[in-house]
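This report concerns only the one structure given below.
A quick note: this is a predicted structure, and the numbers were derived from the prediction, not measured. So that the names make sense, note that chain A is the first sequence line, chain B the second, and so on, each numbered from 1.
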Amino acid sequence: MSTGGTTRPGHARHRLDDVIHAPVRFSIVATLAAVDEAEFALVRDEVEVSDSVLSKQVSTLEQAGYVRVRKGYVGKRPRTWLSLTRPGRAAYESHLAALREIAGG
Amino acid sequence: MNDITPQEARARLAHAEAATERRTGDRRVHGRATAAFGLIMGAYLTLSRLGEGTGWQTPLLAAYAGLLVLLTLWQTRATRSWPRRARTICYSGLAGSFLLFMAGVMTFNYREHQRELAGLATAEEPGLLVLAGVLVAVPMVLAGLVVQRGTRA
């Protein structure tokens, strides 16, 4: 959009990340943004979704390159850990910046 | 297009802020475990030197290893996440304490050797051993305090 020959930046809503914007995925990313790494079960409990819903949403975030999934063990029990990738963290920060702009009116 | 009202945006920002604050429990565990690791390392350096030649060294080493294992198990099982930057801070503290521990061991070995050459008693001054133990603990205790207090993500 241009006015009088100068280009105006688009509305902040255009800078919202489509992958992160979905409510469940936003909650997942917000939880992971506060940590270096978190157990799958912790994220499931924080976001209040079932294992299958979380798996599906995590797959979407993983395909976007925003989330890394690591599998391992604590004692003999298998565990899955989730973390944000560098691009995922950058996308989340950018998403938050757009939200702040919208929130500010 | 992602249509969102200012109210909705504010609600999401509040949600994001709350997600950060909910990790205080894990911070507390990681912070206390890190500080405890440092205190155990420092105590071991002091006590192992004080107990030289008394037959206490093997039980002391077993107790040291056992405490480290128990502490690791507690830290692993009592937490479900590593808060932001906590792992880096803990490992930095561990590196600092480990370097001071090794420096302490080498210094005391050197001093002992020098005293042997001079025909003096080989026992180290207890005050110096306690000071060395405290110095070894300091990096991990500080790292534990920083982790427990938290840093902005």
Open item on the list: Quiz question: by atom type and distance under 3.5 Å, do the side chains of B:Q148 and B:R27 form a donor-acceptor pair?
Closed with: no
Open item on the list: Heavy atom to heavy atom, less than 4.5 Å: which residues from residues 60-78 of chain B reach chain A?
Closed with: B:T76, B:R77
Open item on the list: At a heavy-atom distance under 4.5 Å, which candidate from A:L82, A:V29, A:L42, A:L99 has the highest pair count against chain B?
Closed with: A:L42
Open item on the list: Do B:S81 and B:D26 pair up side chain to side chain, a donor and an acceptor below 3.5 Å, judged on atom types alone?
Closed with: yes
Open item on the list: For A:S83, which atoms come within 4.5 Å of any heavy atom of chain B: side chain, backbone, both, or neither?
Closed with: neither
Open item on the list: Quick test of your reading: applying salt bridge (charged side-chain N to carboxylate O under 4.0 Å, His left out), list the pairs with at least one residue in residues 122-141 of chain B, sequence neighbours left out, ordered by first then second residue.
Closed with: B:R111-B:E124, B:R115-B:E124
Open item on the list: Looking at B:E8 and B:T5, would you say the former's side chain and the latter's main chain have a donor-acceptor pair under 3.5 Å?
Closed with: yes
- [ ] Could you please spell out the steps behind the salt bridge (Lys or Arg N to Asp or Glu O under 4.0 Å) verdict for A:R44 and A:E39?
- [x] CA-CA 9 Å; A:R44 178 200 61 204; A:E39 280 187 17; over 6 Å; no
Task: Interchain contact, A:Y92 with chain B, by part (heavy-atom threshold 4.5 Å) - done: side chain
Open item on the list: Any donor-acceptor pair under 3.5 Å linking the side-chain atoms of A:Y66 with those of A:D17?
Closed with: yes
Open item on the list: Students often mix this up, so state it plainly: with edges at 30° and 60°, are the rings of A:F26 and B:H15 parallel, tilted or perpendicular?
Closed with: tilted
Open item on the list: Which atoms of A:A41 are under 4.5 Å from chain B, going by heavy atoms: the side chain, the backbone, both sets, or neither?
Closed with: both
Open item on the list: Using a strict threshold of under 4.0 Å (side-chain N to carboxylate O), is an ion pair present between B:R12 and B:E17?
Closed with: no
